[in-house]
*Asks:* 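Have a look at this one before I ask anything.
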Protein chains: 2
Amino acid sequence: MTRNSTLGNMLDKAAAVLDCYRPNGGAFRLTDITAKTGLSKTTAFRLCADLVRLGLLEREADTYRLGGKLFELGSLVPRRHDLRETALPFLQDLFEATHETVHLGVREGHDVVYVERIHGHQAVTLPSRIGGRLPLTCTGVGKALLAFSGTDLTEEVLAEPLRRLTPYSVTDPARLRTAIEQIQVSGLAYEEQEAALDVSCIASPVFDGPTAVAALSVAVPRARFHPARLAPAVRTAALGLSRALRSGRTV
Amino acid sequence: MTRNSTLGNMLDKAAAVLDCYRPNGGAFRLTDITAKTGLSKTTAFRLCADLVRLGLLEREADTYRLGGKLFELGSLVPRRHDLRETALPFLQDLFEATHETVHLGVREGHDVVYVERIHGHQAVTLPSRIGGRLPLTCTGVGKALLAFSGTDLTEEVLAEPLRRLTPYSVTDPARLRTAIEQIQVSGLAYEEQEAALDVSCIASPVFDGPTAVAALSVAVPRARFHPARLAPAVRTAALGLSRALRSGRTV
DNA sequence: AAAATATGTTCCATGACACGGAACAGCACG
DNA sequence: CGTGCTGTTCCGTGTCATGGAACATATTTT
């Protein structure tokens with residue numbers, strides 16, 4: 001009868017249920033949810049039923065998935081929506097120039113959150129997905145953001161152990177520090193197989209003030225990786241978007 | 001002390017708060033929220049504080065906006081995400097062929113919900129937005145969906161008064177019925193200034209079985225509206241996507 | 001076939017906690 | 001200075017979310 005002490009109120013519990021689905025979505029059964037959240041079977045059952053009734057979860061034969069209303073609400077989040085809307089034309093330009101996978105990401109804590117990801121028929125296989133999170137240190141977009149987010153953040157990130165997604169991920173703080181310095185002078189971040197095997201990436205920061213508000217990149221299979229051709233396109237798109245953001249703000 | 005009887009539990013109240021932001025997002029103050037939801041000031045205050053703590057809402061100087069976690073969760077909704085992922089290459093093709101605003105939408109009840117919307121620098125002004133809802137009867141995508149969602153739904157929609165977004169919106173059930181029949185034989189839905197002034201649109205349904213699972217369209221300013229050029233492109237993209245969905249399912 | 005294990009589901013008494021009214025605090029007005 | 005508007009804190013009350021136990025229904029093991 002004593003309430004579960006770890007989660008405060010009903011809302012915390014509901015949020016815990018939803019958090020089960022981060023960062024990869026999927027479909028879970030009631031038992032999976034009780035295991036992940038620590039909620040009692042009864043509580044999880046009632047909670048899921050409520051969430052289904054509210055459209056935040058959907059049910060299909062003993063499994064629960066995220067519901068359509070979350071999609072609607074997520075699309076309305078102003079910070080994301082506004083950025084995406086101004087960025088999209090530039091991302092399209094970049095895609096049309098390269099026909100490679102194009103990313104737009106923002107920083108959230110020590111992670112990059114992808115706001116947009118467009119690609120054609122031959123998509124590279126990458127851990128990135130819209131709304132997904134990856135460590136700042138393992139991706140082109142992340143490194144571009146990190147290099148222009150202030151020295152405090154850089155030191156914070158370098159202080160803790162660097163995560164590894166592939167054997168090529170940079171885990172030596174000293175190497176990362178020099179990489180960041182190069183990014184700061186060139187305005188371009190390179191990444192080779194550090195997030196996924198056989199995928200390289202060029203990224204460039206987007207500014208709306210002193211620090212980067214976003215970064216965009218193209219990711220290409222290693223066989224087609226030609227920096228001399230890609231770098232100017234990425235840089236152009238990033239500068240164009242920066243200018244659009246500034247002019248939008250002064251209106 | 002008597003509890004608000006109209007909303008059952010704490011979760012209902014939280015969902016009511018989030019629903020304030022549909023369908024147009026924005027930023028609301030505490031008073032706005034109490035007015036829209038009917039919650040008491042105290043309850044709304046506590047609830048919003050909880051939602052901010054959970055990342056579902058963000059606060060900025062006495063106003064609340066939808067929070068970043070909703071964006072993350074919304075992007076993971078499987079039904080939407082999977083469709084978007086397979087559709088994107090075809091939408092890109094269509095955009096590259098036309099350089100006009102491209103839509104992808106699905107049906108939800110008597111509305112169309114837009115799953116994707118891509119555009120270049122000269123975007124047409126339209127009420128459509130990703131995650132947004134519009135009446136099936138006022139948009140190209142909507143009419144394409146309606147024409148291939150079974151006669152039961154058609155009759156349901158025709159039975160109730162038809163909504164009007166512009167002076168050109170079709171409100172005569174008889175005219176809409178013949179329009180639907182034309183769509184059914186041609187596989188193409190036309191719409192001229194019925195959703196927004198000065199914008200016309202050609203749409204085509206996407207199939208993964210007997211009924212349409214989605215529809216895609218291009219929307220163009222009236223001055224550039226050349227059906228003979230646009231229709232084949234739209235049709236090609238829709239057929240390509242249909243085929244990709246089918247082959248994806250049989251794997 | 002029976003037993004065992006795993007699911008999802010319903011029932012219930014209980015007390016933790018969400019509730020709204022009242023009071024307070026800070027601002028902008030005229 | 002008062003008056004009207006915000007957001008915020010406090011607190012006693014009783015509602016309703018809670019988890020255990022029991023039930024239902026599959027699937028697997030003996």
Side-chain angles (χ1 to χ4, degrees), chain A residues 1-21 24-70 78-79, chain B residues 1-21 25-70 73 78-79:
Chain A
M1 192 67 55
T2 56
R3 296 201 171 188
N4 184 333
S5 56
T6 55
L7 291 169
N9 59 27
M10 199 178 168
L11 224 60
D12 286 3
K13 297 184 176 64
V17 170
L18 295 181
D19 275 348
C20 290
Y21 292 88
N24 291 320
F28 297 118
R29 297 175 312 155
L30 190 61
T31 315
D32 303 329
I33 293 173
T34 62
K36 283 170 184 268
T37 58
L39 295 172
S40 83
K41 205 171 30 159
T42 311
T43 302
F45 175 67
R46 222 172 332 101
L47 213 46
C48 288
D50 284 349
L51 290 169
V52 168
R53 181 172 46 79
L54 295 169
L56 300 176
L57 240 45
E58 285 172 7
R59 183 165 185 169
E60 176 166 332
D62 281 2
T63 69
Y64 296 91
R65 298 174 304 173
L66 294 175
K69 190 179 281 183
L70 278 174
R79 285 222 320 254
Chain B
M1 191 64 59
T2 56
R3 295 200 171 188
N4 184 333
S5 56
T6 55
L7 291 170
N9 58 28
M10 199 177 169
L11 223 60
D12 286 1
K13 297 185 177 64
V17 170
L18 295 181
D19 274 347
C20 291
Y21 292 88
F28 297 117
R29 298 175 313 156
L30 191 59
T31 315
D32 304 328
I33 292 173
T34 61
K36 283 169 183 270
T37 58
L39 295 171
S40 83
K41 206 170 32 159
T42 311
T43 302
F45 174 68
R46 224 172 329 102
L47 214 46
C48 288
D50 284 349
L51 289 169
V52 168
R53 181 171 46 79
L54 295 170
L56 300 176
L57 240 46
E58 285 171 6
R59 184 164 185 171
E60 176 166 333
D62 280 0
T63 70
Y64 296 90
R65 298 174 303 172
L66 293 176
K69 190 179 281 185
L70 278 173
L73 290 170
R79 286 222 319 253

*Asks:* Any side-chain N or O of B:K13 under 4.0 Å from OP1/OP2 of C:dA18?
*Replies:*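 No, B:K13 has no side-chain N/O under 4.0 Å of OP1/OP2 on C:dA18.
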
*Asks:* Send over the distance from A:L47 CG to C:dT10 P, rounded to a whole Å.
*Replies:* 16 Å

*Asks:* So how far is it from A:I33 CD1 to A:C48 SG, rounded to the nearest 0.5 Å?
*Replies:* 4.0 Å

*Asks:* A:D50 has an atom CG; how far is it from atom P of D:dC16, in whole Å?
*Replies:* 13 Å

*Asks:* Could I get the full list of side chain to side chain contact (heavy atoms under 4.5 Å, CB included) partners for A:A16, not counting sequence neighbours?
*Replies:* A:L7, A:T37

*Asks:* List for me each residue that meets salt bridge (charged side-chain N to carboxylate O under 4.0 Å, His left out) alongside A:D32, sequence neighbours excluded, and say none if there are none.
*Replies:* A:R29

*Asks:* How many Å lie between CG on A:D12 and C1' on C:dA18, as a whole number?
*Replies:*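 Spelled out: CG on A:D12 to C1' on C:dA18 is 13 Å.
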
*Asks:* Only pairs at least two apart or in different chains count here, so list each salt bridge (charged side-chain N to carboxylate O under 4.0 Å, His left out) that has a residue in residues 38-57 of chain B.
*Replies:* A:D12-B:R53, B:D50-B:R53

*Asks:* Flag the pair A:T34 / A:S40 as yes when at least one side-chain heavy-atom distance between them is below 4.5 Å, and no otherwise.
*Replies:*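 Not in contact.
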
*Asks:* Separation of A:M10 atom CE from D:dT15 atom C1', in whole Å?
*Replies:*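 Answer to the nearest Å: 13 Å.
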
*Asks:* Mind checking salt bridge (charged side-chain N to carboxylate O under 4.0 Å, His left out) for A:R79 and listing every partner two or more places apart, or none if nothing turns up?
*Replies:* B:E58

*Asks:* Using a heavy-atom distance cut-off of less than 4.0 Å, which residues of residues 28-35 of chain B contact DNA chain D?
*Replies:* B:R29, B:L30, B:T31

*Asks:* Roughly, in whole Å, what's the span from CZ in A:F45 to P in C:dG8?
*Replies:*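 From A:F45 CZ to C:dG8 P: 9 Å.
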
*Asks:* ring-ring contact (aromatic ring centres under 6.0 Å, His included) with A:Y64: which residues, sequence neighbours excluded?
*Replies:* none

*Asks:* Need to verify one output field. Residue with the more 5' nearest nucleotide on DNA chain C, B:K41 or A:R46?
*Replies:* A:R46

*Asks:* For DNA chain C, find the residues of residues 55-70 of chain B with a heavy-atom distance under 4.0 Å and give them by number; none if there aren't any.
*Replies:* none

*Asks:* Check side chain to side chain contact (heavy atoms under 4.5 Å, CB included) between A:A35 and all other residues, then give those that pass, not counting sequence neighbours.
*Replies:*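 For A:A35, no residue satisfies side chain to side chain contact (heavy atoms under 4.5 Å, CB included) once neighbours in sequence are set aside.
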
*Asks:* Donor-acceptor pair under 3.5 Å: do we get one between B:T42's side chain and the base of C:dG21?
*Replies:*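 Indeed there is one.
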
*Asks:* Using the test ring-ring contact (aromatic ring centres under 6.0 Å, His included), find all partners of B:F45 that sit at least two apart in sequence or belong to another chain.
*Replies:* none

